Chemist: 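So that we are looking at the same thing, I have put the structure below in structure tokens.
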Amino acid sequence: QVQLVESGGGLVQVGGSLRLSCAASGRTFSSYAMGWFRQAPGKEREFVTAISRTGVNTYYADSVKGRFTISRDNAKNTVYLQMNSLKPEDTAVYYCAAAPSYSRVWAGDPNLLDYWGQGTQVTVSS
């Protein structure tokens, strides 16, 4: 089992920045590729970004490329999402998730992820 807890969400103005964190406990964190997904009201959960187990490889949805950065610190069992130049359409609940292989994360299908956090709300006001 892997337990994931997100933090760092909040209310921010258009063009602002937020940094989300996802702390993991349980089995060895470095054994899992990690990802961030988001879900806006009335919409399906969508892929945002993925990072490989070592952090060498990353992948982004086109909608956030150049604005968001994923990173991880395996010594701290934490994955981060730095979000810059935020837009109203970035408003959603953000979830971190884990899977044993990188390909299962960047494929972008939520059904392929094994573990999920409870989510953290991000609201971008215009």
Side-chain angles (χ1 to χ4, degrees):
Q1 286 287 340
V2 175
Q3 293 79 42
L4 303 173
V5 179
E6 302 97 335
S7 61
L11 175 65
V12 64
Q13 291 187 334
V14 170
S17 299
L18 279 176
R19 188 194 195 201
L20 306 183
S21 299
C22 173
S25 61
R27 290 188 175 180
T28 305
F29 177 68
S30 59
S31 298
Y32 291 87
M34 301 294 298
W36 287 93
F37 288 71
R38 65 187 182 186
Q39 188 166 18
K43 296 188 176 182
E44 294 186 351
R45 192 167 297 189
E46 67 171 359
F47 170 79
V48 176
T49 180
I51 190 166
S52 61
R53 287 173 289 183
T54 61
V56 169
N57 300 108
T58 58
Y59 184 73
Y60 297 90
D62 288 343
S63 59
V64 306
K65 200 173 296 182
R67 301 187 298 121
F68 290 11
T69 302
I70 189 171
S71 61
R72 66 189 295 163
D73 185 337
N74 285 345
K76 295 182 177 180
N77 287 0
T78 303
V79 62
Y80 304 97
L81 181 63
Q82 178 66 44
M83 304 186 295
N84 298 329
S85 302
L86 283 161
K87 305 175 181 180
E89 52 264 42
D90 294 319
T91 295
V93 177
Y94 283 71
Y95 299 89
C96 67
S101 70
Y102 179 50
S103 61
R104 285 171 59 178
V105 183
W106 65 252
D109 180 353
N111 295 313
L112 298 179
L113 282 295
D114 290 347
Y115 301 103
W116 292 87
Q118 84 289 349
T120 186
Q121 177 70 47
V122 172
T123 303
V124 184
S125 65
S126 56

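A quick note: this is a predicted structure, and the numbers were derived from the prediction, not measured.
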Chemist: Counting neighbours of CZ on F68 that are heavy atoms of other residues, nucleotides or ligands and sit closer than 6.0 Å, is the number greater than 12?
Modeler: yes
Chemist: State the CG-CD distance between L11 and Q121, to the nearest 0.5 angstrom.
Modeler: 9.5 Å
Chemist: Check side chain to side chain donor-acceptor pair (under 3.5 Å) between T69 and all other residues, then give those that pass, not counting sequence neighbours.
Modeler: none
Chemist: Give me the atom names and distance for the closest heavy-atom approach of Y32 to R53.
Modeler: C-CG, 3.3 Å
Chemist: Within the structure provided, determine whether N77 and S25 are in side-chain contact (heavy-atom separation under 4.5 Å).
Modeler: no
Chemist: Do the side chains of Y115 and W106 join up, straight or via other hydrophobic residues, at under 4.5 Å, putting them in one cluster?
Modeler: no
Chemist: Let me check something: do L81 and V93 share a hydrophobic cluster, defined by ILVMFWY side-chain heavy atoms less than 4.5 Å apart, either directly or through other members?
Modeler: no
Chemist: OG1 of T58 to CZ of R72: how many Å apart, nearest 0.5 Å?
Modeler: 12.0 Å
Chemist: Determine whether W36 and I51 fall in the same hydrophobic cluster, where Ile, Leu, Val, Met, Phe, Trp and Tyr are linked whenever their side-chain heavy atoms lie under 4.5 Å apart.
Modeler: yes
Chemist: A side-chain contact here means heavy atoms from C-beta on lying under 4.5 Å apart; do V5 and Q118 qualify?
Modeler: yes
Chemist: Of all the heavy-atom pairs spanning T78 and S21, show the shortest one and how long it is.
Modeler: CG2-CB, 4.2 Å
Chemist: Taking a hydrophobic cluster as the set of Ile, Leu, Val, Met, Phe, Trp and Tyr residues connected by side-chain heavy atoms closer than 4.5 Å, whether directly or through intermediates, do Y60 and V48 fall within one such cluster?
Modeler: yes
Chemist: Working to the nearest 0.5 Å, report the span between CG of N74 and OG1 of T28.
Modeler: 10.0 Å
Chemist: Can you name the closest pair of heavy atoms from A24 and L4 and give their distance?
Modeler: CB-CD2, 3.6 Å
Chemist: For K43, which residues count as a side chain to side chain contact (heavy atoms under 4.5 Å, CB included) partner, sequence neighbours excluded?
Modeler: A40
Chemist: Would you sort out whether V64 and R38 count as a side chain to side chain contact (heavy atoms under 4.5 Å, CB included), showing the intermediate values?
Modeler: CA-CA 12 Å; V64 306; R38 65 187 182 186; 3.9 Å; yes
Chemist: Check the hydrophobic clustering (I, L, V, M, F, W, Y; side-chain heavy atoms under 4.5 Å; chains of links allowed) and say if M34 and L20 are grouped together.
Modeler: yes
Chemist: For residues 79-89, pull every pair meeting side chain to side chain donor-acceptor pair (under 3.5 Å), keeping only residues two or more places apart or in separate chains.
Modeler: S17-N84, Q82-N84
Chemist: Nearest 0.5 Å, please: how far is CG in L86 from OG in S125?
Modeler: 10.5 Å
Chemist: List the residues meeting side chain to side chain contact (heavy atoms under 4.5 Å, CB included) with A107, not counting sequence neighbours, and say none if there are none.
Modeler: L112
Chemist: Which disulfide (SG to SG under 2.5 Å) pairs, counting each pair once, include a residue from residues 95-126, with sequence neighbours left out?
Modeler: C22-C96
Chemist: Work out which heavy atom in V105 is nearest to a heavy atom in G35; give both atom names and the distance.
Modeler: CG1-CA, 3.6 Å
Chemist: Mind listing the closest non-hydrogen atom pair of P110 and W116 along with its distance?
Modeler: O-CZ2, 3.4 Å
Chemist: Show your working on side chain to side chain contact (heavy atoms under 4.5 Å, CB included) between V79 and F29 and close with a plain yes or no.
Modeler: CA-CA 10 Å; V79 62; F29 177 68; 4.3 Å; yes
Chemist: Would V122 and M83 satisfy side chain to side chain contact (heavy atoms under 4.5 Å, CB included), going step by step from the backbone distance to the final call?
Modeler: CA-CA 10 Å; V122 172; M83 304 186 295; 3.8 Å; yes
Chemist: The criterion is side chain to side chain donor-acceptor pair (under 3.5 Å); which residues satisfy it with N57, sequence neighbours excluded?
Modeler: none
Chemist: Checking E6 against Y94 for the side chain to side chain contact (heavy atoms under 4.5 Å, CB included) test, could you report, in this order, the C-alpha distance in whole Å, the side-chain angles of both residues, the deciding distance, and whether it holds?
Modeler: CA-CA 8 Å; E6 302 97 335; Y94 283 71; over 6 Å; no
Chemist: Hey, could you give me the OG/OH distance between S103 and Y59, rounded to the nearest 0.5 Å?
Modeler: 12.5 Å
Chemist: State, to 0.1 Å, how close T49 and I70 come at their nearest heavy-atom pair, and which atoms those are.
Modeler: OG1-CG2, 3.3 Å
